[in-house]
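Small disclaimer: the values here were computed from a predicted structure and weren't measured.
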Amino acid sequence: MSMLDRVAPAKGAPTRPAPAEGGPARPASIKQGPTPPAPVQGGPGRGARMTGRQKLVLTLLLGAQFMIAVDFSILNVALPAVGEGLGFSLADLQWVATAFALAAAGFTLLFGRIADLVGRKRLFLAGMAVLGLSSALGGFATTPGMLLVARVLQGLATAAVTPAGLALLTTAFREGPLRERALGLNGALMSAGFTAGAILGGLLTDLLSWRWAFLINVPVAALVVALAPSVIDDSRPSERPRLDLPGAVTVTGGLLLLVYGLTQAGASGWASPLTLVALAAAAALLIGFWFVEKRSAAPLVPTTVMRRRNVLWGNAAGLIAFATETSLVFLLTLYLQEVLGYSPMATGLAFGVLGAGTVLGGTLGGRVVGRFGARATIVGGGVVQAVATLSLVALGASGSWIWLLLAATFVGGVGNMLMIVGFMVSATSGLPDSEQGMATGLATMTQQVGITLGIPVMSAVVTARTAALGATGPVAVLSGVSLAVLVNAALVLAGALLAGVFLAARRGDRPVTGTGTGA
């Protein structure tokens, strides 16, 4: 198995929303079922307090999102044990991860819009039910085909639950301090979930069986499905437009081919004919999606929304944040295992410090956005992440360098999470409740494509460097990792600064001292 196969991939200021381009904002969505209490903002100022019901909603939704994040990485450490237990060939083992990534990234934008049309609560519950059932199927799988079906179903469930859950979260809290706080906690738990997944996967595999990496989801999903109907209130637009089928086909096909091409690049190289064909077809379909949306009477994603600076550049910053941090985990896993000789379990535990940094960054993120604004949070977080990442170029072959790694990943985790909180707040601000499913679908797509994009790019840098050296072994790996870390730091800095420049052109990008305006 290649080194890549063994590696675990690791929210703008609360501005008063400007009218949607092309006319005034649409009215807020009509609530279905019992009328929820109005979000309490705590009066003027930033000292807003959540009601008891809002805390319960937040806990339930964050628990579901944390479980989804754990699922992205929990199996990677267990892949060798899965292959041995079910008889996967070495060449086919990558499909355990790829099957999930294809479905999760390919269908997330479509499901984000479906959530707006059929109801976020309904889609969220259906997705959680499918996630629980597919996890049980994976846990009891007896053949490779059965496990791959379970992984595809898990990916589809993730594509439904993540944007629907985020839309329920953003519509439960008005635009302002409470939403910033909720999105900050959501981002912290999502990032911590990636790290927790790697640690938990190793523990379950070593102490019990790889099957528990699936089965642990079942009681959590059952609890969410049992509690959510009485806790979460639904929302959806007052008018239901038709589903944009041409747009759905082009964007879903384009995303599927993009993720497949990126995965093939990591496995077979960027010059592989299959990689080039898949990426070219993905580009053609995604360009076609833009023209389809321009002509559609009921577009999946209106082009006016995609032109909004906060949506476009917020998502660009998010793409860079996810691509660089998850790929940094890949690079440091190579360093810890191939250079320092750490075991998979010890490697996962070392990344617990990164997880602590992301939790701290997410906890502080809402306050930082409220005080300094979206642009400053994205730029500041990106600069902190870039400087911390750059320091890792100094890593050497001695085990004493672990202290630099732990300190840099903690500080970089804080910066990365500030960038992600700024991205999530910016990408969902200034839009009516009726479009929150679409906005969170875009943000979720950005997150998942970023996670998929970063590792093949950094893997290619390492491979090119080691090939140029004409050597193998720890010294060559260290040289390749050092160069890729330098590229990673440059990408973070460039992405944050560019997003900051273009987000600055958005009027009203400054902290709001009042309660904020409802979305």
> Do you know the tightest heavy-atom contact between Met146 and Thr142?
Replying inline: SD-N, 3.5 Å
> Ala496 and Ile378: which non-hydrogen atoms are nearest, and at how many Å?
Replying inline: CB-O, 3.8 Å
> Do Phe214 and Phe140 come close enough that some side-chain heavy atom pair is under 4.5 Å?
Replying inline: no
> Would you say the side-chain atoms of Asn217 pair up with the backbone N or O of Leu131, donor to acceptor, closer than 3.5 Å?
Replying inline: no
> Leu137 versus Leu133: any side-chain heavy-atom pair under 4.5 Å?
Replying inline: no
> Counting distance only, does the side-chain N/O of Arg151 pair as donor-acceptor with the main-chain N or O of Leu147 below 3.5 Å?
Replying inline: no
> For Ala160 and Gly127, which heavy atoms make the closest approach, and how far apart are they?
Replying inline: CB-CA, 4.4 Å
> What do the steps show when you test Leu257 against Leu279 for side-chain contact (heavy atoms from CB on, under 4.5 Å), and what is the final call?
Replying inline: CA-CA 6 Å; Leu257 286 166; Leu279 292 178; over 6 Å; no
> Are Thr446 and Phe322 close enough, and set up right, to give a side-chain contact (heavy atoms from CB on, under 4.5 Å), and what steps lead you there?
Replying inline: CA-CA 8 Å; Thr446 294; Phe322 277 104; 5.6 Å; no
> Quick check: does any side chain N or O of Thr252 sit under 3.5 Å from a backbone N or O of Val249, one acting as donor and the other as acceptor?
Replying inline: no
> Heavy atoms, side chains only, cut-off 4.5 Å: are Met128 and Val220 in contact?
Replying inline: no
>> Measuring only between side-chain heavy atoms, which start at C-beta, is Leu286 closer than 4.5 Å to Thr250?
In response: no
> Below 4.5 Å, heavy atoms only, C-beta onward: do Thr377 and Met419 meet side chain to side chain?
Replying inline: no
> Looking only at heavy atoms, which two atoms of Gln154 and Ser135 are closest? And how far apart?
Replying inline: NE2-OG, 3.0 Å
>> Could you walk me through whether Leu60 and Leu227 satisfy the side-chain contact (heavy atoms from CB on, under 4.5 Å) test, starting with their C-alpha distance in whole Å, then the side-chain angles of each, then the deciding distance to 0.1 Å, before giving a yes or no?
In response: CA-CA 8 Å; Leu60 190 67; Leu227 294 178; 4.2 Å; yes
>> Side chains of Leu156 and Phe111, heavy atoms from C-beta outward: is any pair under 4.5 Å?
In response: yes
> Counting distance only, does the side-chain N/O of Thr162 pair as donor-acceptor with the main-chain N or O of Ala159 below 3.5 Å?
Replying inline: no
>> Testing the basics here: between Ala282 and Gly254, what is the closest heavy-atom pair and its distance to 0.1 Å?
In response: CB-O, 3.4 Å
> Are the side chains of Val224 and Phe124 in touch, meaning some heavy atoms are under 4.5 Å apart?
Replying inline: yes
> Taking all non-hydrogen atoms of both residues, which atom of Leu86 and which atom of Arg211 are closest, and how far apart?
Replying inline: CD2-NH2, 4.0 Å
